[in-house]
Amino acid sequence: MFFTALSGCLLLVVAWLVYTLFIQPLFSPLRNLPGPDARKGIIGLGGHLNLVLNASLSKTTHEDFVAIYGRNVRIKGLGNFEDRLLSTDPAVISYVLNHTNEYQKPWQSRRIIARLIGLLASEGEMHKRMRRVSSPAFSSHNLSDLMHIAMNKAYELRDKWLTMLGEPQTGTEVRVDDASKIDVCHWISRSAFDVIGLAGFDYNFSAIQNEENELFLAYRNMFEIVVSRGETLWDIACIYFPWLELLLPNEKTRTVQRSQKVINSIGGQLIEERKLRLADSEKQNKTGFRNSDVLSLLIKSNFSSETPPSQRLSDEEVLANVNTYFFAGSDTTSLTLTWILYLLAMHPEVQNRLRAELYTLPKEISRMPMINENGDWRHLWKDIDELPYLNNVVRETLRLISPLHSSIRVAMKDDEIPTSDAIKMRDGSVHHGIKIKKGQFVHIPVESMNLDKTVWGEDAWNFNPDRWDNLPDAVLEQPGLYNHTLSFSAGPRSCIGMKFSLTVIKDFLYVLLCNFAFLPAKDDRVYAKNTVLMRPYVSGKFMEGSQCPLKVTRV
Ligand code: HEM
C-alpha cells in the first residue's frame, strides 16, 4: 500500500516535470522571437542568465544580442527550458514598468525580501496603500531637514578621516606621499546607515564612531543574509519550500531570527515613543523636536483625516516600511557615493574641476567643525543642488554604474506588449507586438539601457560628465524617473527615495571633496560585480568582501 502511494506520487512528480520542462515550452509564444540558441553542456543549465547578469559579460552580451537579434530578444532561463524576454526597446520597457498589475516582481524575489515586507515586497492594492501613506515622508518639504542630518554626518566622517590621516594640514596641493589608504566603501556605508537611522527613526546608530550598536548590527546582519540568499542549493530550496528552514534552521536562519527580534523590540519601542510624542506635541502645540523622521511622518500620515481607516497601516506594517527604506536606501546610496569617489580618483581632471566648482560656494562652511542645528542651511542646499558640474558628475556616475544592474518582472496574464518597431520573427512573419504568456519573465536590463551606444553615443561606456550638456536626441526617448536613465527605474514602482538619496550624495560630496583628494590605490584593481547591487571588489580579493580602497589625502 505504502509503495503504491509512493510510486503514485513519484509518477505525478515525473509527469509534472515532463509537462513543465518539455511540453509547456512548446506553447511558449516567445519561441518565435529571435534569440540565441540554448547553451549546451553543464554551462547550458543556467541558460543565458550568466551572460546577461554577470557584470563582466553583460555589456558585450547585450551589444552582441542587439546587433544580431534586435532590441527584443528571446533568452533561455534556468535549466535552459523556459523562454524569457530580454528587451532594450524603450516602448516595451515603458509598457512593462507602467503596467504594474500585469507585470509584477516574481514571487521568488519577493519571498527573499519578505522578511522586510514593506513597499519592496508588496504588490497590487497593498502596495498602493503603503506607497500612499509613505509619500509625504519623501516630499521636498522634508528634504531641508534631511540636509541637516546629511551635513552633520558628512562632517563627522570628515573628522573621523582627519583623525585617521593624522594631523590636519593646510594648503590646497595634493601631496601624494601623505595619502593614506582608506576603504571608502566601508566608511561611506557606515555613514549612510547613520543618515538613514536618523532620517528614518530619529535614532543615532553612531556607526561612524563604532560598529557596536545593537540595532545597527541587527540590520546589517539581516541585510547581509537577505542579499546572500540564493547562493547555495539549500537557500534556493528554502525559497521554494520555506517550511524547510523552520524544520532545519541553519546559522543564517538563526541570525535572521535574532536580528528580527532586536528590530521588532527596539522598533516597537520607537513606534510607541513616537506616538506618545506626536500626541503630546499636538495636545500642547509644542515644537522643538523634529518629528520629521520617516517613522513620525508615516505615523502622522497614517492617522491623518485624509487616510481612510481602511487604508491605515498596522504598527507591524509601519515598522516593515521603515525596514524597507533601510534596505532599499542604505546600500544604493552608499554605493553611488563610493562609485563617484572611485571614478573621481580615476579621473583627476574631473575631480579638480568639480572641487573648483565646489569652492565657488563659501569654502569656510565646508571646513567648519560641525553644522549648527539652528542655522538656516536651506540656501546652502539649494546652492549645492544647483551646481551644474556636480549634477553632471552625479548623473554620469549613476548612468555608468547604476547600483541596480537589472530588474525582472513576471507577466500576471497572457498579454501582447507593444514594440517601437516591427519585429521579424523566426518564422519570417512580421509583428508589431510581442505575445507573452502568464508566468513568463521579462528582464529589465538597467545597465544596457543606460549604456546603449546607439542611444548615448559611441563613448557611452566611458565616464564623461560633459555629455549631459549636449545629449543626443535619442536619449530623450528613453524611459526613466531620473534623466532618461533607469537607475531609479520608471513608472509607479520607481524609487520613492530618489530626492532623498541625491540630497545625501551631494552634501557628502561637498564636504568630502572640499577637504580631501582621492587617488587610486596603486596595488588594488577595483572592479564592479553584480551581487544584488553593483558592488566594488578588489581583483583577487573577492573573498574579503566588497571594498573600494582609495588613497585619501587632505587638501
Ligand atoms: C542612489 C540611491 C538609490 C538608487 C539608485 C535607487 C534605485 C531604485 C530602483 C532602481 C528601484 C526599483 C527597483 C525595481 O524595480 O526592482 C527602487 C525602488 C525603491 N527605492 Fe530606491 N534607490 C536609491 C535610494 C533609495 C532611498 C534613499 C530610499 C529610501 C530611503 C529608497 C527607497 C526605495 C523604495 C521604498 C523602493 C520601492 C518602491 C516601490 O516599490 O514602490 N531608495 N530604488
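Start at 1 and go down the list; that is how both ligands and their atoms are numbered. If you read the sequence from its start, that first residue is 1, and numbering goes on from there. Only heavy atoms go into these numbers, but all of them, side chains included; no hydrogens, no water, no symmetry mates.
Summarising the geometry, atom CE belonging to M449 is positioned 9.5 Å from atom CH2 belonging to W456; distances are rounded to the nearest 0.5 Å.
Applying the 4.0 Å criterion to heavy atoms of S489 picks out, from ligand 1, the atoms 10 (C), 12 (C), 15 (O). Per-residue contacts place P403 under 4.0 angstrom from the following atoms of ligand 1 (heavy atoms of the residue considered): 5 (C). Below 4.0 Å from some heavy atom of S407 lie the following atoms of ligand 1, by number and element: 14 (C), 15 (O), 16 (O).
If you look at L404 next to ligand 1, the close heavy atoms, those under 4.0 Å, all belong to the side chain. Here F500 has side-chain heavy atoms under 4.0 Å from ligand 1, and that is the only part of it that gets that close. Contacts of A328 with ligand 1, taken as heavy-atom pairs under 4.0 Å, involve both backbone and side chain. Of all the heavy atoms of S330, none lies under 4.0 Å from any atom of ligand 1, so neither backbone nor side chain is involved. Only the side chain of T336 comes within contact range of ligand 1, with a heavy atom under 4.0 Å; no backbone atom does.
Proximity annotation for atom 40 (O) of ligand 1: of K105, K499, R493, R493 comes nearest, heavy atoms only. Closest heavy-atom approach to atom 19 (C) of ligand 1 among the candidates S501, A490, C495, G480: C495. Between T324, L335, T332, T100, it is T332 that holds the heavy atom closest to atom 24 (C) of ligand 1.
Put simply, part of S494 is less than 4.0 Å from ligand 1, judged by heavy atoms. Judged by the shortest distance from any of its heavy atoms, R409 lies inside the 4.0 Å radius around the atoms of ligand 1.
Checking side-chain atoms of S448 against main-chain N and O of P445 turns up a donor-acceptor pair under 3.5 Å. Under a 3.5 Å cut-off, the side chain of Q440 and the backbone N or O of K437 do form a donor-acceptor pair.
Aromatic ring centres of F205 and Y203 lie closer together than 6.0 Å.
We find that R274 and D293 are joined by a salt bridge, their nearest charged nitrogen and carboxylate oxygen being less than 4.0 Å apart.
Counting heavy-atom neighbours within 6.0 Å of K453 NZ, excluding the residue itself, gives a total above 12. Annotation for E214: atom CD does not count as buried by contact number, only 12 or fewer foreign heavy atoms lying within 6.0 Å.
Each of D469, T397, N464, D466 was compared with N392 under the side-chain hydrogen bond (donor to acceptor under 3.5 Å, both in side chains) criterion, and only D469 meets it.
Ring geometry for F216 against F193 counts as perpendicular: the plane angle is over 60°, on a 0 to 90° scale with 30° as the lower cut.
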